[in-house]
Amino acid sequence: MKWYEDDSLWSDFAPTMFSADRGEAVADLVASSPLLDFPPGSRVLDLCCGPGLFLVPLARRGYDVTGVDLSPAMLDRARTACARAGADARLVRADMASYVEPHTFDVVLNVYTSFGYFDEPDDNLQVLRNAYESLAPGGQLLVDVMGKEVLAGWIGRPQVVELPDGAYVVQRDTVLDGWRRLRTDWTLVRGSTARTASLTSFLYSGAELHDLFVAAGFTGVECFGGFDGAAYDQHSRRLIVRGTKK
Ligand SMILES: C[S@@+](CC[C@H](N)C(=O)[O-])C[C@H]1O[C@@H](n2cnc3c(N)ncnc32)[C@H](O)[C@@H]1O
């Protein structure tokens, strides 16, 4: 089993990845982001939607929302979150390696470092090609990752995140293959038990991800440093690449 196919990884580490605080921050971001300002009724696909942190605020912003994820546990959480909020979203279990719905969406989002998971570089490019195929003409893809340049600013320092129930997560990042890939090792300590997990994914500079979008057929490709639409520069905390299907 590949690391990203492990349902229990996403569930066990959900309290740190999908915390209530992050949920509130995402709701504010979606409500105000100029990059997420689409015409009312736009058909928006959240590819790798996880437990749906973006789905509810996207639906509230007036979009016709679809969430795709490989993990049944994450889709269950997304379904519950949408039902609680009274938000309408179509949920589909699928692998981003092969998921295509031709000419169906005005926008495809892939956020919070949900890209670069496959060992073969071409398989990651295929995800962009699939998104291209799923977009209607004029539609746009946005991919949000931790850019190589951003990571270079803080890599090497282990991070510790304390959870509300007293458990904590230690995160250590290791650069692999001459900065091609990153391994993130997590240890979750709760009482006297520890649960570990390792995630390995490709790393992209702004230029590299830009060129991958171009290789997939996108035009007007731009890099941003955050959902506020700021330029991608030495102050950025994220790398967001946006491209348009002709
Ligand atoms: C880091 S989480 C991000 C979730 C969500 N985008 C967010 O902002 O909270 C990555 C998600 O990608 C999903 N995933 C991993 N591999 C996948 C694949 N091959 N196809 C579809 N979804 C996948 C996981 O189940 C997980 O929910």
Which pair of non-hydrogen atoms, one from [X] and one from [Y], has the smallest distance, and what is that distance?
{"X": "Val56", "Y": "Ala85", "result": "CG1-CB, 3.5 Å"}
{"X": "Ala216", "Y": "Leu128", "result": "CB-CB, 3.6 Å"}
{"X": "Arg77", "Y": "Ala14", "result": "NH1-CB, 3.5 Å"}
{"X": "Ala89", "Y": "Cys82", "result": "CB-SG, 3.9 Å"}
{"X": "Tyr168", "Y": "Glu162", "result": "CB-CA, 4.0 Å"}
{"X": "Val161", "Y": "Thr16", "result": "CG1-OG1, 4.1 Å"}

Do [X] and [Y] have side-chain heavy atoms sitting under 4.5 Å apart?
{"X": "Trp3", "Y": "Tyr117", "value": "yes"}
{"X": "Leu142", "Y": "Val241", "value": "no"}
{"X": "Val107", "Y": "Leu109", "value": "yes"}
{"X": "Leu163", "Y": "Val169", "value": "yes"}
{"X": "Leu182", "Y": "Thr174", "value": "no"}
{"X": "Cys48", "Y": "Met96", "value": "yes"}
{"X": "Cys223", "Y": "Leu239", "value": "yes"}
{"X": "Cys49", "Y": "Met74", "value": "no"}

May I ask you to check whether Phe18 and Trp10 place their ring centers less than 6.0 Å from one another?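 Phe18 vs Trp10: aromatic centres not under 6.0 Å.
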Before we go on, tell me: are the rings of Phe118 and Tyr4 under 6.0 Å apart, centre to centre?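 Aromatic pair counts; centres sit under 6.0 Å.
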Determine, using the 4.5 Å side-chain heavy-atom cutoff (strictly less than), whether [X] and [Y] are members of one ILVMFWY cluster.
{"X": "Phe202", "Y": "Val214", "answer": "yes"}
{"X": "Leu125", "Y": "Val143", "answer": "yes"}
{"X": "Met146", "Y": "Met17", "answer": "yes"}
{"X": "Phe38", "Y": "Val30", "answer": "yes"}
{"X": "Val44", "Y": "Leu91", "answer": "yes"}

Can any side-chain N or O of [X] pair as donor or acceptor with the backbone N or O of [Y] at less than 3.5 Å?
{"X": "Asp69", "Y": "Gly50", "result": "yes"}
{"X": "Ser134", "Y": "Tyr132", "result": "no"}
{"X": "Gln159", "Y": "Arg157", "result": "yes"}
{"X": "Asp64", "Y": "Ser42", "result": "no"}
{"X": "Asp177", "Y": "Arg181", "result": "no"}
{"X": "Lys245", "Y": "Leu135", "result": "yes"}

Near [X] [atom1], under 6.0 Å, is it more than 12 heavy atoms from other residues, nucleotides or ligands?
{"X": "Asp228", "atom1": "CG", "value": "yes"}
{"X": "Arg172", "atom1": "CZ", "value": "no"}
{"X": "Arg22", "atom1": "CZ", "value": "yes"}

When rounded to the nearest 0.5 angstrom, what distance separates [atom1] in [X] from [atom2] in [Y]?
{"X": "Ser32", "Y": "Asp37", "atom1": "OG", "atom2": "CG", "value": "10.0 Å"}
{"X": "Ile240", "Y": "Asp144", "atom1": "CD1", "atom2": "CG", "value": "4.5 Å"}
{"X": "Leu70", "Y": "Leu75", "atom1": "CG", "atom2": "CG", "value": "8.5 Å"}
{"X": "Asp88", "Y": "Arg60", "atom1": "CG", "atom2": "CZ", "value": "13.0 Å"}
{"X": "Leu53", "Y": "Glu24", "atom1": "CG", "atom2": "CD", "value": "10.5 Å"}
{"X": "Asp211", "Y": "Ser205", "atom1": "CG", "atom2": "OG", "value": "8.0 Å"}

Candidate pair Thr184 and Gln171, rule side chain to side chain contact (heavy atoms under 4.5 Å, CB included), full reasoning: CA-CA 7 Å; Thr184 299; Gln171 174 174 331; 3.6 Å; yes
Checking ring pair (Phe, Tyr, Trp, His ring centres under 6.0 Å) between Tyr204 and each of Tyr232, Trp179, Phe213, Phe115, which is the one that passes?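 The residue from Tyr232, Trp179, Phe213, Phe115 that satisfies ring pair (Phe, Tyr, Trp, His ring centres under 6.0 Å) with Tyr204 turns out to be Phe115.
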Side chain to side chain contact (heavy atoms under 4.5 Å, CB included), that's the test. Do Gln140 and Phe218 meet it? Break it down for me. CA-CA 8 Å; Gln140 50 181 271; Phe218 288 95; over 6 Å; no
Are [X] and [Y] within salt-bridge range, i.e. N to O under 4.0 Å?
{"X": "Asp106", "Y": "Arg43", "result": "yes"}
{"X": "Lys2", "Y": "Asp119", "result": "yes"}
{"X": "Glu101", "Y": "Arg90", "result": "yes"}

Tell me, please, which residues at least two apart from Arg79 pass side-chain hydrogen bond (donor to acceptor under 3.5 Å, both in side chains).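 Partners of Arg79 by the side-chain hydrogen bond (donor to acceptor under 3.5 Å, both in side chains) criterion, ordered by chain and then number, come out as Asp76.
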Can you name the side-chain contact (heavy atoms from CB on, under 4.5 Å) partners of Arg195, sequence neighbours left out?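 Result, side-chain contact (heavy atoms from CB on, under 4.5 Å) vs Arg195: Asp6, Ser8, Leu9, Asp12, Phe13, Leu188, Ala197.
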Applying salt bridge (charged side-chain N to carboxylate O under 4.0 Å, His left out), can you list everything that pairs with Arg190, at least two apart in sequence or on another chain?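 Expected list: Asp165.
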Working for side chain to side chain contact (heavy atoms under 4.5 Å, CB included), residues Trp186 and Thr196: CA-CA 5 Å; Trp186 279 333; Thr196 58; over 6 Å; no
Between Asn124 and Gln126, do the side chains contain an N or O donor and an N or O acceptor separated by less than 3.5 Å?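 No, because no side-chain N or O of Asn124 sits under 3.5 Å from a partner of the opposite role on Gln126.
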Stepwise side chain to side chain contact (heavy atoms under 4.5 Å, CB included) test for Leu45 and Tyr99: CA-CA 11 Å; Leu45 166 65; Tyr99 172 76; 3.7 Å; yes
